[in-house]
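Some notes on the structure that comes next.
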There are 2 protein chains.
Amino acid sequence: MAQNEVALLEALEQERSLLGRSSTAERVAALLREQIMAGAIPPSTRLSEDAISRALGVSRNTLREAFRLLAHERLLVHELNRGVFVRQLTPEDLSDLFQVRRLVELGALRGVRAVAPERLVALRAALDEARQCAADGRWMDVGTANMRFHLAIAALAGSPRVGELMEHVLAELRLVFLVMPDPRRFHEPYVERNAEICRLLEAGEVNEAHDALVRYLDDAERELLRAVT
Amino acid sequence: MAQNEVALLEALEQERSLLGRSSTAERVAALLREQIMAGAIPPSTRLSEDAISRALGVSRNTLREAFRLLAHERLLVHELNRGVFVRQLTPEDLSDLFQVRRLVELGALRGVRAVAPERLVALRAALDEARQCAADGRWMDVGTANMRFHLAIAALAGSPRVGELMEHVLAELRLVFLVMPDPRRFHEPYVERNAEICRLLEAGEVNEAHDALVRYLDDAERELLRAVT
DNA sequence: CGCTAGAGATTGTTGAACAATCCCACAAGG
DNA sequence: CCTTGTGGGATTGTTCAACAATCTCTAGCG
């Protein structure tokens, strides 16, 4: 009986995250985040406190809390007495973001000397989805799946803080994806390059995967830089 | 005349950061941050909105904005309907923080194939200050200087975002420093280990510096873990 | 043409109010 | 004795209205 109880409690423990309630401010932030990441609110637009609080039916105070959250994620920039704006990435921002990606992704890869096969399922899953989306012609979703692939690479570090950092970095990068003229031409080629990285990892050839990832990041940065300048 | 004007404008440009005004919430956050990092408010204390807003002469709303800021830096944890608490680091937190440090610091070191000598002045400066503090017996300040040394290492990556990340990581780590029983015994030995790393870098022996840093991080983590458990 | 002043709009901050939730002590029941 | 309701009191979550501080833009001035 005691053993059953322990097992039950442990099961509940694992689902605890599901009942993680959230404040209004957090839900507002989530909503705005979605809109921004979907491109509904293009970069450099100013977000009026008055208009949005009225539209969402929340008080200005609550909305401002939501703004703070998104500003910390760098999706919004807050200028004192001027308001909040959807961030517009500069070329410097872009290089910086890729610098972070290099540190995180390459570091994560180097950390896993012995490639634990069960930790690659997330990579494989993201890859499969990217291919499915490509087959359906949903090129924006291909970009999303690609991002999840690299999020999974960062997750190999096994660190919650690194995971969250990577999420924010990719969210920021998505701001440039939105203004790319031809999503297919940009996203499609990277699917097979990710596949190659995944294959190398599954084969245990970590060093080769590392080098392939270096080339991937270099190429992606160069191509995005060309798009924003 | 035009040249003088340009020079003047450039000089002002550099000081612009100084006049970066700040909102009340940010100033309140800075004040609380200082108190926490100095150990005046020990981990796991609950911060009462009513008491603190009254004490600082700001409204509850403004104080709550400050709380949000510090919660995002992970100095405070926010529990819905229960309030905010000064974070108490768990052993898992500690390991995670060192995982991030490994990624960032080692990655930064690997990034600088060619060691630019003028970029090492910040390292040398932090080191000198650590030694000065040690000579004065101000052991807590020795810890601060040591942290700045490693902040300078992270800065070798040349990325603003990495720099800010590292600042937050070190601020969190300081929460453990505060509860260490014997500051001298803990901080003093690391000064010369940092000196060794600095020496190796200045000699251009990046690989050796890298290995020394690995040992440094391993030892520091082990010792801190023993202190919190 | 450039500069200044001022009106109008927007953000920053406050204080009070009420709802929702939590904490704790105490009683009821097995 | 231990567990399970049930209150009251305190704290947080959220809203609202108001005012101060600051920015933006335009019209008018030299």
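Reminder, nothing fancy here: chain letters follow the sequence lines and each chain counts from 1.
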Quick check on [N]: is either OP1 or OP2 less than 4.0 Å from any side-chain nitrogen or oxygen of [X]?
| X | N | answer |
| --- | --- | --- |
| B:Thr62 | C:dT14 | yes |
| A:Thr24 | D:dT14 | yes |
| A:Arg60 | C:dT11 | no |

Aromatic ring pairing A:Phe177/A:His187, orientation class (parallel under 30°, perpendicular over 60°, tilted between):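 A:Phe177 and A:His187: perpendicular rings.
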When the distance from [atom1] of [X] to [atom2] of [N] is rounded to whole Å, what number comes out?
| X | N | atom1 | atom2 | value |
| --- | --- | --- | --- | --- |
| B:His78 | D:dT11 | NE2 | P | 16 Å |
| B:Arg68 | C:dT13 | CZ | P | 17 Å |
| B:Glu65 | D:dT12 | CD | C1' | 16 Å |
| A:Leu63 | D:dT14 | CG | C1' | 13 Å |
| A:Leu80 | D:dC23 | CG | C1' | 11 Å |
| A:Glu49 | D:dC23 | CD | P | 15 Å |
| A:Phe85 | D:dC23 | CZ | C1' | 10 Å |
| A:Asp50 | C:dA9 | CG | P | 12 Å |

Closest non-hydrogen atom pair, B:Ala66 against B:Ala29: CB-N, 3.8 Å
No-hydrogen, no-angle side-chain donor-acceptor test under 3.5 Å, B:Asp136 and B:Gln132: yes
CD/B:Glu34: more than 12 non-hydrogen atoms of other groups inside 6.0 Å: no
Earlier contact from the 5' end, DNA chain C, for A:Val84 and A:Asn61: A:Val84
Heavy-atom check, side chain of A:Tyr190 versus side chain of A:His150, under 4.5 Å: no
Options C:dG12, D:dG13, D:dT15, nucleotide nearest the side-chain atoms of B:Arg64: D:dG13
First of B:Arg46 and A:Asn81 reached from the 5' end of DNA chain D, by closest nucleotide: B:Arg46
